[in-house]
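One structure is given here, and the rest of the page talks about it.
Just the heavy atoms: all of them, side chains too, but no hydrogens, waters or symmetry mates, feed the values below. Keep in mind it's a predicted model, so treat the numbers as computed, not measured. Just follow the structure's listing: the first ligand is 1, and inside any ligand the first atom is 1.
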Amino acid sequence: MDLISTIKALDERLADGGVVAFVPTMGNLHAGHLDLVRLARAHGETVVASVFVNPLQFGPHEDFHAYPRTLSEDCAKLEQVGCDVVFAPTVTEMYPTPQQTEILPPPAADELCGAFRPGHFRGVTTVVAKLFNIVQPAAAVFGKKDYQQLFLIRSMVRELNFPVRIVGAETVRAPDGLALSSRNGYLSEAERAEAPRLYRALGEVARALREGDQDIVALEANACRELESHGWRVDYVSIRDPGTLMPPAEPLDQFVVLGAAWLGNARLIDNIEVSLD
Ligand code: PAF
């Protein structure tokens, strides 16, 4: 496996690499990321993973500086799952001059997490567009845990005609249901024991929807109350149309239930897709 930090060296390495499958990450890798790399294997001859903590997608008071940088551990894990190339550029390599050209994502970017993290998804779409131009993959794999991110990247690729196939990978969970996330590392022992409640609360909403309850406002409010009564600070629990990521405008048979809430210093997100078929 090659560890590369410049765009020029990556170009040279990939010149005769054939079809490239790509997994963009911010590092501090867990089993969920490694699953994305395994999945990427099926979509290309050369698998490239990027490790880059992108300053553009963090707000001024967010955890950009605290975000764990663990490149050597990440490389050891990536090598074990058969990654061919790790692209780990510096901030200056990615942004040699202030980034003035940005990708403006569609209005769904201002909903859900976007309402609490202004500009976050513009930072994500901009860096992903740059990475796609640098790596030139035929396919790129993203986790469904970041459901809104995946939705917006699919929109960008479709509307800007990027020749990249986007593959969505199922969320990997701990045995107690907690979705794996680099930010789980911010949880204390007691918070870690409490953390699976988010998935359970979303699961209750999903169960009610499957049983025919479509009182969206009440279902969302019940889930928020349940979390708040156990010490969570809830950003949102929301039932959305997976086709638009907007609140359902008519009776549907497909939903996605999404939630974001804080336990101490950790902001956790999760979601469940619901099909009434
Ligand atoms: O999901 C992430 O880790 C990041 O948002 C991504 C897609 C690597 C862009 O920085």
Count I, L, V, M, F, W, Y as connected when their side-chain heavy atoms are under 4.5 Å apart, and connections chain through other members. Are Val274 and Phe151 then in the same cluster? no
Any N/O pair Gln57/ligand 1 closer than 3.5 Å: yes
Whether Glu273 and Lys144 form a salt bridge (side-chain N of Lys/Arg under 4.0 Å from carboxylate O of Asp/Glu) is what I want to check. yes
Gln149 to ligand 1: N or O pair under 3.5 Å? yes
Tell me whether the NZ or CZ atom of Arg173 lies within the 45° cone about the ring axis of Tyr199 and under 6.0 Å from its centre. yes
Do Leu112 and Ile269 belong to the same hydrophobic cluster, where Ile, Leu, Val, Met, Phe, Trp and Tyr are linked whenever their side-chain heavy atoms lie under 4.5 Å apart, directly or via other members? no
Is it the side chain (CB and beyond), the backbone, both or neither of Thr25 that lies under 4.0 Å from ligand 1, heavy atoms counted? backbone
Quick one: look up the protein heavy atom nearest atom 3 (O) of ligand 1 and list residue, atom name and how far away it is. Met26 CG, 3.6 Å
Just which atoms of ligand 1 are under 4.0 Å from any heavy atom in Pro24? 8 (C)
Numbered atoms and elements of ligand 1 in range of Val127, under 4.0 angstrom, heavy atoms: 9 (C), 10 (O)
Residues clustered with Met246, ILVMFWY side-chain links under 4.5 angstrom: none
